[in-house]
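Convention: sequence-line order gives letters A, B, ...; per-chain numbering from 1. Below, all heavy atoms of this structure are taken into account, side chains as well, without hydrogens, waters or symmetry copies.
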Amino acid sequence: MAVLAPKATFVAQALMVRSPNQIAWAKLKQHTLAVYGGIVLIVLYVAAAFADLIAPYDFATQFRTKPWHPPSEVHWRHADGKFALPFIYNTVKVRDEAYQAHYVEVSPQNIEYLKLRFGPEFKEAPREYRLRLFPRGDPHKFLGLMTMERRLFGVESTDALNRPAFFLLGSEQLGRDLFSRLLYGARVSLSVGLIGVTITFTLGMLVGGISGYFRGKVDVVLQRLIEMIMLLPGFYIMLALRAALPPDLGTVQTYFAIIFILAFVGWAGLARTTRGLVMSISQNDYVTASRALGVGSLSLIVRHILPQTFSYAIVVASMAIPGYMLGESGLSYLGLGIQEPYSSWGNMLQAAGTGNDIKSHPWVLVPGFMIFITVVAFQFLGDGLRDAFDPKTVLQAKKGAA
Amino acid sequence: MKTYALKRLLISIPLVLVMTFVVFCIINITAAKHFASFMNDEGADPQVVELEVRRLHMHEPVVVRYLYWLQGVLFDLRVTQERRYIATFEDNDPDRGDDRYRFGGRSLKAPLEGVSGSYAVGGEVGSPVGILGTAKGVQTALDRRRLQAVEFTAAAPVPEGLALIVNAGSGAVPMPFAAKPDGTATLLLDLDALASRAAIDQIKSIDIDSAKPGTAVVTAQSVTRPIWQEAYPGDQRKRTIQITFPGDPGHHAQLGALKSPYVSKIVDRSEWTPDWAKIDNQIAEVHKKSVNAWQLSGRRGPEPEKPKLEKITFDRLEFDARALDPGPLKVEIQLSCGDGEKASQIRIGEVELSAEMQTFVLPFDRFPKGADLHRVTGIRLVSGGKGRAEFDDFRLRVDQIPLGCGIPNFGESWHKKQSVITLIFEKVKNTVLLTLWALFFTWLIALPAGVYGAVRQYSAGDKIVSFLTFIGMAMPSFFLAILVVFLVSLTYDIPKDSAFGWLNGLLPIAGRTSQNNSEMTTLGQMADVARHMILPALVAILGGLGGLQRVVRGTMLEERRKLYVTTAMAKGLPPSRVLFKHALRNAIIPFVASAGSILPALIGGSAFIEIIFEYPGIGKQMYDSVLTYDVPVVMANTLIVGLLLVIGNLLADFALAWVDPRISLEA
């Protein structure tokens with residue numbers, strides 16, 4: 001930097017005072033797609049963290065009279081046409097001649113039809129259930145700390161036989177709220193990637209670092225090991241590993257088993273690239289200098305060499321997380337991952353069994369689109385991070401600055 | 001080049017072996033437990049389970065079991081595909097008048113007796129067949145899957161109003177006997193018909209009742225059904241009906257055929273209807289030949305590939321055997337050679353079986369001269385005396401060739417009771433076919449799309465293509481498959497006579513062939529298979545396309561910026577020539593290099609696709625067998641997938657060396 005010619009522009013001078021990380025951050029902020037990806041991810045992760053509060057119902061709360069309920073219709077006007085705060089009507093399941101079920105709102109317009117349809121025993125009167133902020137709902141432990149009854153939004157209803165419910169995205173087979181299950185499922189689906197990548201990284205970078213630093217026999221042995229793991233057909237190993245675990249495993253165990261399986265399959269590729277990087281970094285003079293100063297091998301690898309590869313590692317991490325998500329959702333989709341009644345985006349997609357199922361209740365596809373959105377967001381962010389840490393890309397000057 | 005290939009393959013061998021060992025250990029962690037429970041589900045008695053455990057070496061440590069498996073794959077050449085036969089040399093007591101056919105497996109312990117009075121329907125615990133016994137009040141479910149009907153015959157004189165009272169659940173169903181011209185009366189207790197009238201699973205007992213007092217002599221005879229007929233529709237599980245009946249002295253048990261894996265007749269499931277008259281004829285026919293045990297095996301589909309024996313000369317015949325009853329039993333081993341009229345029996349030795357399981361070796365050099373051993377069609381066992389024997393694993397062995405040739409022995413599927421090789425051969429073919437087509441089209445589309453994206457960077461077309469590839473990359477393959485199934489299922493709602501009616505049923509969403517595939521012409525069959533492959537291949541292509549297109553586009557862009565391209569342009573070469581001749585040549589290298597990595601991804605990724613589209617490939621097979629802890633199938637699949645990957649990577653390396661002259665494989 002010091003040898004820069006005095007004719008360097010303002011931009012170059014501005015660059016001089018920034019650390020590499022600051023430059024990367026500035027570059028990242030210029031990458032529009034990456035910024036959007038990051039925002040989407042922040043929203044998703046916050047929603048997952050506060051799932052207890054945001055979800056109107058618990059993931060296991062069933063509305064037995066309302067299976068496959070379409071998204072609830074929110075009304076803004078009373079029956080007489082006057083403006084009102086948002087409310088919903090209760091619904092009743094009605095079967096037509098073809099025995100197809102559909103839901104009819106218990107509203108003033110429909111009450112005549114319902115009385116005709118069900119006869120005199122239909123007693124329910126039309127009633128507006130107002131959508132409230134912080135209504136009383138299923139009790140939950142907010143952030144795992146304090147028991148709360150309030151949820152962010154929803155309707156308050158009594159424990160009647162045909163209890164009214166507010167389904168933002170519809171309900172599934174057992175009458176459980178899809179939106180709530182989506183939020184609770186997000187906890188599994190979104191965290192699997194983070195934890196899995198952490199494990200992969202510890203293992204992959206350590207093995208790659210040792211292999212690249214020591215070279216020789218250690219390197220040969222570790223490389224053969226890595227080659228073997230890379231040769232393993234991932235999906236098959238996932239299946240075999242999952243089969244080796246008892247089928248009646250608890251949810252938490254299953255969750256960590258899945259992460260372990262995915263990390264086991266995934267660490268080898270990272271180890272191999274890290275090895276290459278470490279090999280070139282350990283040629284540097286400062287490594288020789290540290291060694292001369294008597295720094296131990298492990299401490300040299302962990303404290304001096306590996307940090308140099310972190311920027312690369314962060315990029316690979318953001319690119320690798322979707323792989324874990326897809327792996328988890330795939331296993332859960334096949335019924336080998338998270339088990340009912342707990343939800344994950346993968347096992348929620350099991351409801352989308354056949355084309356006809358989807359036709360009659362298309363909202364079961366929402367978890368699939370959530371996976372898609374998250375993966376795209378990670379890809380955009382990864383793209384941005386790669387460009388940001390790439391010394392070849394140039395930080396564009398702000399308009400008017402130069 | 002050759003040395004490089006050899007070196008690569010040599011390195012791969014230990015890798016593949018270690019990989020199979022890892023999978024073997026993993027799958028075996030719980031498989032043993034499930035094996036026992038699986039055997040119990042099948043209703044086998046503990047003795048049989050014990051025998052199976054011993055036969056499959058389940059009591060040995062994992063490493064030993066793995067070595068056994070490896071031995072089977074590398075060194076074991078089996079010629080019969082059905083590997084286990086039990087010969088019964090049973091001397092029936094003629095005084096007992098036991099001239100009924102007896103159906104079922106080996107634990108038929110209670111013979112039917114003609115008695116008047118009360119029958120109880122029950123079964124021996126753990127017996128594979130529901131047996132009519134004489135014990136009263138035994139409350140066991142009548143195994144309707146195995147038995148079709150029970151025929152009761154009353155000897156003359158028949159008392160008036162003779163009827164069976166089936167006591168089932170809380171009620172009783174009376175069933176009158178029908179009088180025959182000869183004065184006897186019969187009643188066919190059709191279990192299907194009965195099921196519609198009584199809770200057949202809750203039959204407590206069957207009473208015989210008549211309107212007037214008297215004595216009735218009633219005999220019963222059970223009629224089995226081909227049990228795959230209804231119990232497991234579409235199941236390819238091999239079904240065996242073993243029909244045992246008395247024969248002349250010098251009983252034979254036809255044990256196995258070398259050329260044809262099935263003993264007597266291969267019955268196609270589709271043509272197999274329970275034509276009992278036909279079976280009776282066959283029984284009579286076999287009876288004439290005084291054969292004691294006769295086996296009918298049913299299997300769906302065409303006869304599997306026969307192992308090619310002609311070119312191999314064997315050195316010895318090995319088998320394990322023991323006598324089931326105490327006391328020694330002499331059994332003569334004969335080989336049947338040739339078919340039809342030219343068939344001849346060659347006596348190759350006599351063994352004395354004891355109660356201990358022993359391995360017998362019959363060296364071929366002691367065989368009579370002139371025996372045409374290349375045309376061996378079967379092994380026959382002949383016993384002069386009575387007794388029961390158990391034979392296991394007839395093996396033809398070669399001394400000179402250390403590696404087995406022909407078909408490696410992957411063992412027998414635990415779940416489907418079928419040799420693994422017949423089970424997965426078709427599946428491997430299907431997966432390879434699907435993967436190759438998907439790979440071909442992925443390349444065919446990705447290359448031009450990538451070049452286009454680079455040449456017309458940031459144009460509307462480039463943006464659209466980029467968007468589509470992004471979707472392909474970000475969409476989980478199973479979700480993409482679900483969406484495709486959904487979209488195609490929408491076409492099934494289009495009325496046939498409308499403008500787009502031809503869309504209806506154009507693309508099948510499951511399976512590999514249509515129901516009536518076997519009736520089509522060869523060309524029609526090919527078209528049918530291709531039609532079924534479109535959707536799975538489409539999803540696989542969409543999944544693999546994105547990454548590849550990005551690679552081509554990226555490298556092509558990079559090459560375009562290089563100085564030699566500028567130079568070529570400056571020289572006045574036409575841009576198309578510069579791009580396609582100079583730049584593309586270099587840009588294609590990483591593309592070819594990625595071929596090696598796309599193959600495992602395609603094979604692994606196609607598993608989801610196969611499962612969702614019910615395409616019978618190894619992915620689906622693997623999924624099914626992992627769920628049922630079918631160790632032999634899982635192992636065979638793992639080995640084959642590993643080999644496919646090794647070969648695929650090697651081919652990719654060759655392609656890379658071919659495309660890039662800078663890369664030398666000699667190094």
Q: Which answer fits B/Val18, side chain, backbone, both or neither, if we ask what part of it has an atom under 4.5 Å from a heavy atom of chain A?
A: both
Q: Only pairs of heavy atoms separated by less than 4.5 Å count here; which of A/Leu334, A/Val376, A/Val375, A/Ile371 has the most with chain B?
A: A/Leu334
Q: Please say whether more than 12 non-hydrogen atoms of neighbouring residues, nucleotides or ligands are located less than 6.0 Å from OH in A/Tyr36.
A: no
Q: What part of A/Phe369 is in contact with chain B, defined as an atom under 4.5 angstrom from a non-hydrogen atom: side chain, backbone, both or neither?
A: both
Q: Does the distance from a Lys or Arg side-chain N to an Asp or Glu carboxylate O, for A/Arg275 and A/Asp219, drop under 4.0 Å?
A: yes
Q: Considering only heavy atoms, which portion of A/Ser329 lies under 4.5 Å from any heavy atom of chain B: side chain, backbone, both, or neither?
A: both
Q: For A/Phe380 and A/Val35, run side-chain contact (heavy atoms from CB on, under 4.5 Å): C-alpha distance rounded to whole Å, both residues' side-chain angles, the deciding distance at 0.1 Å, then the answer.
A: CA-CA 8 Å; A/Phe380 283 156; A/Val35 171; over 6 Å; no
Q: As a quick check of understanding, evaluate side chain to side chain donor-acceptor pair (under 3.5 Å) for B/Thr20 and B/Tyr66, giving each step before the final call.
A: CA-CA 9 Å; B/Thr20 51; B/Tyr66 176 73; 2.8 Å; yes
Q: Between B/Ile471, B/Leu483, B/Ile611, who has the most heavy-atom pairs with chain A when the cutoff is under 4.5 Å?
A: B/Ile471
Q: Side chains of A/Ile321 and A/Thr374: does their closest heavy-atom pair fall under 4.5 Å?
A: no
